[in-house]
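First up is the structure itself, then whatever we jot down about it.
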Amino acid sequence: PTQKPVALVARCILASTQEGDLVLDPFLGGGTTAVAALENKRRVIGIELEEKNLQLSVRRADNATSLFNHSKTPEEPCQDARLRSPMVTV
């Protein structure tokens, strides 16, 4: 993954989406886009081939979302035992 400040990605997300919109990151990497989207009340879908990057992204997304209260639970939790995050859906 390449390093990008969350604030920079958040600025792009805020300029191009509205609250509740869906953000797609087809190259998730370390999850910076997911963190920026979640912190700004956007939904996010990330795609990552490397398992270690995916695990890092899930941890970062969990940390970002633990700051918020969720009134809605995910429709279907991920069935993959390696990814126990409630924020990951399939």
Side-chain angles (χ1 to χ4, degrees):
T2 61
Q3 293 183 344
K4 293 175 274 315
V6 174
L8 174 63
V9 177
R11 185 175 176 182
C12 295
I13 288 172
L14 290 170
S16 59
T17 64
Q18 295 182 2
E19 191 173 303
D21 279 356
L22 181 63
V23 175
L24 170 66
D25 185 354
F27 307 99
L28 190 59
T32 301
T33 300
V35 169
L38 293 168
E39 286 181 349
N40 288 286
K41 299 181 183 173
R42 273 61 171 174
R43 297 172 299 136
V44 64
I45 294 176
I47 301 169
E48 178 56 55
L49 294 176
E50 297 294 327
E51 186 173 340
K52 67 179 182 174
N53 292 343
L54 182 59
Q55 290 173 353
L56 171 63
S57 297
V58 168
R59 279 195 311 273
R60 290 185 69 200
D62 281 345
N63 288 338
T65 57
S66 68
L67 303 174
F68 308 107
N69 292 328
H70 296 287
S71 59
K72 181 174 148 180
T73 59
E75 296 162 8
E76 180 182 340
C78 180
Q79 299 302 313
D80 190 333
R82 296 170 294 169
L83 303 171
R84 292 202 167 95
S85 170
M87 296 307 300
V88 177
T89 58
V90 290

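Since we're looking at a predicted model, the values are computed, not measured.
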### Task
Heavy atoms only: give me the nearest Ala64-Val35 pair and the separation to one decimal.
CB-CG1, 4.0 Å
### Task
Calculate, to the nearest 0.5 Å, the distance between atoms CZ and CG belonging to Arg60 and Asp62 respectively.
12.0 Å
#### Entry: Test log, rule side chain to side chain contact (heavy atoms under 4.5 Å, CB included), inputs Val23 and Arg43
CA-CA 6 Å; Val23 175; Arg43 297 172 299 136; over 6 Å; no
#### Entry: Ile13 versus Thr33, closest heavy-atom pair with distance
CD1-O, 3.8 Å
### Message
Working to the nearest 0.5 angstrom, can you tell me the gap between Arg42 CZ and Asp21 CG?
### Response
6.5 Å
### Task
Measure the shortest side-chain to side-chain distance between Thr2 and Lys4 over non-hydrogen atoms and say whether it is less than 4.5 angstrom.
yes
### Task
Answer yes or no: is there a side-chain heavy-atom contact under 4.5 Å between Thr65 and Glu39?
no
### Query
Are side-chain heavy atoms of Leu38 and Val44 found at a separation under 4.5 Å?
yes
### 4.5 Å side-chain heavy-atom contact, Ile47 and Leu28
no
#### Entry: Minimum-distance pair of heavy atoms, taken over all atoms of Val9 and Ala36
CG1-CB, 3.9 Å
### Task
Walk me through it: do Asn40 and Arg11 pass the test side chain to side chain contact (heavy atoms under 4.5 Å, CB included)?
CA-CA 10 Å; Asn40 288 286; Arg11 185 175 176 182; over 6 Å; no
### Query
CD/Gln55 to CD/Glu51 distance, rounded to the nearest 0.5 angstrom?
4.5 Å
### Task
Flag yes if more than 12 heavy atoms outside Leu49 fall under 6.0 Å of its CG atom; otherwise flag no.
no
### Nearest heavy-atom neighbours spanning Gly31 and Ser57
N-OG, 3.2 Å
### Message
Do Leu22 and Leu14 land in one hydrophobic cluster if side-chain heavy atoms of ILVMFWY residues count as linked below 4.5 Å?
### Response
no
### Summary
Heavy-atom closest pair (Glu48 atom, Leu54 atom, distance to 0.1 Å) is CG-N, 3.8 Å
